[in-house]
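All residue numbers in this chain count up from 1 along the given sequence.
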Amino acid sequence: DGGGWMLLYSYHNEMNVAYRALNSTHLPTSPSTGFSHWHLGPALGYTSADDVADVRFYCSTSRHARVIHFKTSNQHVRHVAVHGSHGSANSPSHWN
């Protein structure tokens with residue numbers, strides 16, 4: 001698919017362990033041990049959802065072997081990746 005992906009959200013939590021404080025000042029460095037997030041935004045040169053082609057999601061849990069792995073070009077989801085806000089227009093249809 002051409003690559004060019006950047007890890008923006010990483011929330012590794014262990015069962016029965018208290019949540020750690022979220023670090024939203026640094027890009028996550030690991031999908032398996034990270035606990036931080038970052039939005040593309042102007043600091044990284046992105047000002048619009050039009051600057052992003054797709055947003056990829058990869059989600060897993062230790063509770064079962066199923067994995068959710070998909071990408072979307074939905075304009076609303078791309079907007080969230082850039083600005084970090086759903087606004088008042090969030091809808092289940094954006095994520096299906």
Legend entry - Any residue meeting side-chain hydrogen bond (donor to acceptor under 3.5 Å, both in side chains) with S48, in chain and number order, not counting sequence neighbours: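 With sequence neighbours excluded, S48 shows a side-chain hydrogen bond (donor to acceptor under 3.5 Å, both in side chains) to no residue whatsoever.
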Inset, instruction - Tell me, please, which residues at least two apart from S93 pass side-chain hydrogen bond (donor to acceptor under 3.5 Å, both in side chains). - result: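 In terms of side-chain hydrogen bond (donor to acceptor under 3.5 Å, both in side chains), with neighbours along the sequence ignored, S93 is linked to S91.
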Taking ring pair (Phe, Tyr, Trp, His ring centres under 6.0 Å) as the definition, give me every residue that meets it alongside [X], ordered by chain and number, with sequence neighbours left out.
{"X": "H39", "answer": "Y9, H37"}
{"X": "H76", "answer": "H86, H94"}
{"X": "H69", "answer": "Y58"}

Inset, instruction - Please round to the nearest 0.5 Å and tell me the distance separating atom CG of D50 and atom NE2 of H79. - result: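 Reported to 0.5 Å precision, the distance equals 11.5 Å.
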Inset, instruction - Measure the spacing between OG1 of T72 and CZ of R78 and express it to the nearest 0.5 Å. - result: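 The distance works out to 8.5 Å.
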Inset, instruction - Consider only side-chain heavy atoms of I, L, V, M, F, W and Y, link residues closer than 4.5 Å, and tell whether I68 and L8 are in one cluster. - result: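 The answer is yes; both residues are in one hydrophobic cluster.
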Inset, instruction - Taking side chain to side chain contact (heavy atoms under 4.5 Å, CB included) as the test, write out the residues that go with L7, two or more places apart. - result: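 So L7 forms a side chain to side chain contact (heavy atoms under 4.5 Å, CB included) with S10, P28, P31.
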Inset, instruction - Applying side chain to side chain contact (heavy atoms under 4.5 Å, CB included), name anything that partners R66, two or more places apart in sequence or on another chain. - result: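 With neighbours one apart ignored, the set is H64.
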Inset, instruction - Take V52 and V82 through the test side-chain contact (heavy atoms from CB on, under 4.5 Å) and record every step on the way to the result. - result: CA-CA 8 Å; V52 177; V82 173; 3.6 Å; yes
